[in-house]
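First up is the structure itself, then whatever we jot down about it.
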Amino acid sequence: MTLDTLDLNLALLNLCVSIDVTVIHESSDCQKELKVPMTNIIPASVYQRRDGLTAEQFYVQYQHSIDNPDVFWGKQANLLDFSQSWQQVYTGDFSLGSSQWFVGGTLNTCYNCIDRHLPKHGNALALIWQGEQESLVKRYTYRQLHEQICRLANVLTTYGICAGDRVGIYLPMIPEAVIAMLACARLGAVHCVVFAGFSAESLANRFNDISCRLVITAEQSIRAGKTLLLKQQVDIALTQCALVKTVLVVSAGQNSDWVDGRDIDYQQAVDQASTDYPCVMMSAEAPLFILHTSGSTGIPKGVVHRTAGYLLYSALTFKVLFDYQPGDVFWSTADIGWITGHSYSIYGPLANGATVLLFEGLPTYPDASRCWQIIDQHHVAIFYTAPTLLRSLMREGDGYLVNSSRASLRVLGTVGEPINPSVWQWYFEKIGQSRCPIVDTWWQTETGGVLIAPIVGITPLQPGAASQPFWGIAPALMDDQLQVLTGVASGNLVIQQPWPGLMQSIYGDHQRFLTQYMARFPGNYLTGDGAKRDEIGTYWLMGRLDDVVNCSGHRIGTAEVESALIAQGDIAEAAVVGFPHAIKGEGIYAFVTPKSGVLPSMALKQALIRQVASIIGPIAKPDVIQFTENLPKTRSGKIMRRLLKQIAAGSDDFGDTSTLTDPAVLTQLLRQREIED
Ligand code: WTA
């Protein structure tokens, strides 16, 4: 952000003052006209920050962080405790993809997340675990968590794990997942969590990629009343992973099919271990973890995050973006198998001494009131979730809100995909009762923490917009000819300066890191997302660039069309992709799921097309609308657009579909397409 946009943001603050005025004088015709584009902007004053940060301070600090990043990050590093202080904040060459942060410093992540809180804060709650059954609740103070982590670190050492070794983790959302990650960090081992919904095949690929010798898993997991046999998947995977010699198993008492000499009962081992284990101090640049994310080639990339930079960035963003205050209970519904689970269920909050809620189970089970009940029961102050969950809850109707007050909520957040403005409004008005700001956080596995988000109490909220860069983040929009676009524009979203949360490399393939992220726009990190910037400098994310349809030479964000379809009112979910079109180059294909009780019909199709034409323009009218009960989703709830594109193009050669929750959806979609043809 340049000084121009700084001015724009301050101007926007003033604009919001006038919005209040317009809202008051609704009767005047002239003001009614003025009101139309503005009603969707919620003034920043809907929320008073509790940390006292003012808009002016934020923007001045922002400019400082861009102009003098070393001074800025050097000062922010006081958030962490180093055992040996660093000599240099940053060294490297961003354009060559080489960056080192806090050079010469040593520290331990577990010390920063747990030990340093013990003297004053040892009896404060670090973790609340809510099982799927309502009565299943476990609470851990910082001291109790410390004890469990030390015990497990001792067990890991007994089985030969040292600093630098990789440890595979395949666990459900249970306290042992947090303990396992922090125990690895305590002894300097690099954890690699694999989401517990992945198949044995994917597990084997990931374990082999990191060459791990030890795996931590659980016999089972409970979801929607069903038992999932996790260890069984590990057993199958390990037939292909000769290196793994030890499996620590959180037992459910079955202990069936145990492999003698390999499988160890987690609890028994931990109970016998000492509660003392000194933290191993690591170089600031030592890898903290590897987390795989899907790549365009279909081979997952092992994203490597470093110790000090990652921890600092997740801790600072957590504190500022959620306006965290001591005593707040923070709940992120993301699984620990994803980056959100790493940065905002573990590292960011615990580095700040916060209380984290971990929930094992399906947020819609036994019914759509579960999340709101949990919020009341545990007095959750900050709730962070994904638009996909909100859409499915909204679809069930507001009847599920009546048995909860949600009075403890102060800040709401979303992550993972653009949020449709109508869903945003529902979240804001119904869940947060129009008093809780929504932080729409844009970021990626690769970025370590949030890069673009509204600053609550400071940024006016524009539903559907991730809004503005965080301190130290210099976004830019570039066209395919490598030109930086200024003012109102849309293009490739790149980041022009290094920041400490950025991934260090791709495990075992640094060249892939350089090619994929640093080569196409030299000197910039390529996010792979498209974005547009409006008149007031607000960033609107438009989805992955491969999700932008080029229709008759017009670039149309599929997210925009989806929001328009949902805004019609009868649709619960929509996914839009491009497909080859003889005249237009690419046509627009929309898969839509009607709300329960709404019947698919020709009249509804026409209403949807009219809606898109009126919100975006005739150029964005879908060429095909296909009704469907379900969309192909990964277990984390992301719609697999690659598969929809293939269906839209009339292909049934789907390739790897192992990450799909329900592969049968594809057959249904194909059959339906034939009928519609
Ligand atoms: C998308 C998740 C719009 C984006 C933390 C990004 C979003 C990809 C948002 C990364 C948001 C994430 N608005 N799009 N608030 N947040 N995305 O690696 O396309 O699972 O590139 O990280 O999700 O997904 P990942």
Side-chain angles (χ1 to χ4, degrees), residues 193 195 197-198 289-296 300-305 310 313-314 317-318 321-322 332-345 347-348 384-391 412-421 423-424 427 438-454 459 461-470 473 475 490 492-495 501-503 506 516-517 525-532 538-548 557-560 562-563 575 633-642 659:
V193 182
F195 172 56
F198 272 122
F289 65 84
I290 301 167
L291 186 60
H292 289 89
T293 184
S294 45
S296 45
K301 298 172 278 195
V303 170
V304 182
H305 278 289
Y310 168 82
Y313 196 72
S314 55
T317 45
F318 174 80
L321 291 175
F322 297 111
S332 159
T333 59
D335 192 277
I336 47 112
W338 309 117
I339 190 68
T340 309
H342 285 53
S343 300
Y344 299 114
S345 277
Y347 292 113
Y384 191 34
T385 192
T388 183
L389 176 62
L390 294 172
R391 285 196 298 266
L412 300 171
T414 64
V415 58
E417 51 178 322
I419 179 166
N420 324 81
V423 178
W424 193 103
Y427 194 27
I438 298 175
V439 202
D440 176 350
T441 62
W442 175 84
W443 59 298
Q444 308 176 304
T445 303
E446 296 88 336
T447 68
V450 177
L451 300 197
I452 299 183
T459 316
L461 303 169
Q462 291 172 272
S467 294
Q468 65 175 69
F470 186 66
I473 303 305
S490 58
N492 296 285
L493 177 64
V494 300
I495 311 294
L502 179 62
M503 68 192 283
I506 290 179
Q516 189 126 18
Y517 302 102
Y525 165 79
L526 174 63
T527 68
D529 275 9
K532 65 180 182 187
T538 298
Y539 282 88
W540 299 76
L541 273 301
M542 294 164 69
R544 302 294 302 182
L545 274 178
D546 37 21
D547 293 339
V548 175
T558 52
E560 281 182 302
E562 286 162 10
S563 289
K633 289 185 183 171
T634 63
R635 294 184 177 89
S636 67
K638 269 212 167 84
I639 296 168
M640 288 190 76
R641 284 163 201 284
R642 175 176 68 81
T659 53

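Note: hydrogens, waters and symmetry copies are ignored here, and every other heavy atom, side chains too, is used. Indexing begins at 1, ligand by ligand and atom by atom, following the structure's order.
Judged by the shortest distance from any of its heavy atoms, A466 lies outside the 4.0 Å radius around the atoms of ligand 1. The shortest heavy-atom distance from G528 to ligand 1 is not under 4.0 Å.
Taking a cut-off of under 4.0 Å to the non-hydrogen atoms of W443, the atoms of ligand 1 that pass are 2 (C), 5 (C), 6 (C), 10 (C), 12 (C), 16 (N), 22 (O). Distances below 4.0 Å separate heavy atoms of T441 from the following atoms of ligand 1: 9 (C), 11 (C), 15 (N), 16 (N). When each atom of ligand 1 is checked for a heavy atom of T445 under 4.0 Å away, the hits are 18 (O), 20 (O), 22 (O), 25 (P). For ligand 1 and V415, the ligand atoms under 4.0 Å from any heavy atom of the residue are 5 (C). Close contacts between ligand 1 and G416 involve ligand atoms 1 (C), 7 (C), 9 (C), 12 (C), 16 (N), 17 (N), 23 (O) [criterion: under 4.0 Å to a heavy atom].
Both the backbone and the side chain of Q444 come within 4.0 Å of ligand 1, counting heavy atoms alone.
The nearest heavy-atom contact from the protein to atom 24 (O) of ligand 1 is K638 NZ, 3.4 Å. Atom 3 (C) of ligand 1 has P418 N, 3.1 Å as its closest protein atom, hydrogens excluded (heavy atom only). When only non-hydrogen protein atoms are considered, atom 6 (C) of ligand 1 lies nearest to D529 OD2, 3.3 Å.
Ring pair F318/Y344 is parallel by interplanar angle, where below 30° counts as parallel and above 60° as perpendicular.
A salt bridge does not link E562 with R391: every distance from a Lys NZ or Arg NE/NH1/NH2 to an Asp or Glu carboxylate oxygen is 4.0 Å or more.
Considering backbone and side-chain N/O atoms, D440 comes within less than 3.5 Å of an N/O atom of ligand 1.
Heavy atoms only, all atoms of each residue included: A531 and L493 are closest at CB-CB, 4.2 Å.
There is a side-chain donor-acceptor pair under 3.5 Å between T385 and T333. Side chains of T447 and Y313: no donor on one and acceptor on the other come within 3.5 Å.
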What verdict does the side chain to side chain contact (heavy atoms under 4.5 Å, CB included) test give for F470 and W443, after you've listed the backbone C-alpha separation in whole Å, the side-chain angles of each residue and the deciding distance to 0.1 Å? CA-CA 11 Å; F470 186 66; W443 59 298; over 6 Å; no

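Screening V439, T459, D440, T441 for a side-chain contact (heavy atoms from CB on, under 4.5 Å) involving S467 leaves a single residue, T459.
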